[in-house]
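Let me begin by presenting the structure, written as structure tokens, before commenting on it.
So that the names make sense, note that chain A is the first sequence line, chain B the second, and so on, each numbered from 1. Not measured: the values here are computed from a predicted model.
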Amino acid sequence: MADEKGLTSRAADFSAWYNEVVQRAELADYSPVRGSMIIRPYGYGIWELMQRVLDDMFKATGHQNAYFPLFIPLSFIAREAEHVEGFAKEMALVTHTRLIHGPDGALIPDPDSKLEEPLIVRPTSETIIYDAFAKWVQSYRDLPLLINQWANVVRWEMRTRLFLRTAEFLWQEGHTAHASESDAEQEATRILGIYRQFQDEWLALGVITGVKSPAEKFPGADRTYALEALMQDNRALQCGTSHMLGQNFARQFELKFQAESGQEEYAWNTSWGVSTRMIGGLVMGHGDDTGLVLPPRVAPTQVVVVPIYRNDAEQGLVLEKAAAVAAALRQQGVRVHVDARDTLKPGPKYYEWERKGVPLRIEIGPRDVAAGKLMLVLRLELPGLARKEALPEAEAIDGLPGRLEQYQRALLAAAVRRREANSYRGVRSYQDARAIIEGTGGFVYAGWCGSGDCEAKVKEETKATIRVLPGEEFRTPDAPTNCMVCGAPAQSEAVWARAY
RNA sequence: CGGGGCGUGGCGCAGUCCGGUAGCGCGCCUGCUUUGGGAGCAGGAGGUCCUCGGUUCAAAUCCGAGCGCCCCGACCA
């Protein structure tokens, strides 16, 4: 366990480190309900930044936001066989609508208020949304229908972890209907591209993308595209999914339209989502033994200004300068905070903001004011970047957005470097794969025959699953041509890893 | 649901074996001195010791039952 100052190190106990970072950076807290979490203002600030960027991306590609109900009739979820099978074990139900005092005075559900048909709390909204779509769509002229919603969903998980797996979480779920299979397919991959751009360029995660195996795909989908990031403990984190749903839901919910030809046809659907889980990805992807490390683009505070002074006169002087610097930075669109608290010395402030992952700190003391300089300190030492640098004030301010962008890019480069350093390509034997998975961990690229039996065997024996069948960009040039498990001709390359 | 751990001021813990005035560090409040990497002194506030029951003159401590949370595993974003 860590003392009040230090943190458990990643090497000593990765999951303890994770929990401590999340709580000490004030991202989240436990709630009285098992498996439910409180997202604190600092964590929610990150989520708001994520939302803003993604929302703009969705809007720019023609999507509109809407809101569908939290409660879904139980019968809806039951309509798509594979879908209900996938979620049946983790459903929260509303069965009563009233409380009364029982014999011993305690509040109990009023038996008379029992609902004829229980409601489920949405684990995802395909069913209720496609039911609505069916009412809205008549003609091919109504398509494509491109809808997104920002919502909470509930999945009653057996085992939970802050951000990574909680009973309730926040996400966006896009739902679209198209006139043709190829339109829907295009939509699913276009969204995958948007997610990819967001997770690399904003979150700096260095994700790989690809298709899920049939065993790992979304229940009810024909095909699931996914993004996977490699965490610092060399376990994979699924950071988002985009599903080609085919006509599975359209058939169940009578989502039909009249085609140009006059023929009545079922629409083609896609659904796609990313969640607050990405915040967990940021923590495990970038954090270090000091605490959180945030990419500037999603940092609620990008720059913290820490004034240094010894007496009232210096305090006035330095705070005035700090305010001016902050104002100049805000002019440039930088999110800056001046830590003017008089109760802490500079040192403790440094530690606090480092723990919270703020990308850049500006120290301003009397000596700097006199010299017309600012001390800039990055949260991390990264290749090609000076961690600490004293620059003339004007130069420092003008160059600051660029400096943040450099840092942003360096974080992504470091993530990709780490991912590739822990990716094992061209693995030919199951024995080798197993040694990697049970040893250091990481992404194992190997041939796969496509058989669910081979996949299940590996999962059973090593706990590793196929994360994705990698997209073209991520494939190994001379990938093995045989399945690493059974030796039969490989149908595709697969990336194996233990996952969250 | 199985295995492990833990419930004592806001946080981290000691005290439990062997019953006898509830403590320590950090944090918090007030004042003064401080401030370029976790400051000092002085004063102060803050606790149904998880809950219920039992034993006892006396329970944080012993006995019984229950509850909760965290971690590991099986299920999953």
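- Contact between A:W448 and A:A494 at its shortest, heavy atoms only, is CB-CB, 3.9 Å.
- Between A:E381 and A:R387 there is no salt bridge, since no side-chain nitrogen of the basic residue lies less than 4.0 Å from a carboxylate oxygen of the acidic one.
- With a cut-off of 3.5 Å on both Watson-Crick or G-U wobble distances, the partner of B:C24 is given as B:G12.
- Using cut-offs of 30° and 60° on the angle between ring planes, the pair A:F169 and A:W171 is perpendicular.
- In this structure, the CH2 atom of A:W156 is 14 Å from the P atom of B:C1, given to the nearest Å.
- With a 6.0 Å cutoff to the six-membered ring centre and a 45° limit on the axis angle, A:R79 counts as a cation-pi contact of A:F76.
- Atom CG of A:L319 is separated from atom P of B:G36 by 15 Å (rounded to the nearest Å).
- Taking 3.5 Å as the limit, the base of B:G37 and the side chain of A:R387 contain a donor-acceptor pair of atoms between them.
- A side-chain donor from one of A:D342 and A:Y309 sits under 3.5 Å from a side-chain acceptor of the other.
- Nucleotide B:C41 is matched to B:G31 when pairs are restricted to Watson-Crick or G-U wobble geometry with both distances under 3.5 angstrom.
- Of the nucleotides present, none pairs with B:G19 by Watson-Crick or G-U wobble criteria with both distances under 3.5 Å.
- Nucleotide B:C6 forms a pair with B:G68, judged by Watson-Crick or G-U wobble geometry with both contacts under 3.5 Å.
- Stacking annotation: A:Y351 is stacked on the base of B:G38 (ring centroids less than 5.5 angstrom apart, interplanar angle below 30 degrees).
- Put simply, A:N19 has no side-chain N or O that comes within less than 4.0 Å of OP1 or OP2 on B:C70.
- For the P atoms, the distance from B:G15 to B:C50 is 15 Å, rounded to whole Å.
- In this structure, B:C1 forms a base pair with B:G73, meeting either the Watson-Crick or the G-U wobble geometry with both donor-acceptor distances under 3.5 Å.
- For B:C62, the paired base is B:G54 (Watson-Crick or G-U wobble, both distances below 3.5 Å).
- For the P atom pair drawn from B:G47 and B:G23, the interatomic distance equals 13 Å after rounding to whole Å.
- A donor N or O paired with an acceptor N or O is not found under 3.5 Å between the base of B:G36 and the side-chain atoms of A:E314.
- The side chain of A:K345 places an N or O atom within less than 4.0 Å of a non-bridging phosphate oxygen (OP1 or OP2) of B:G36.
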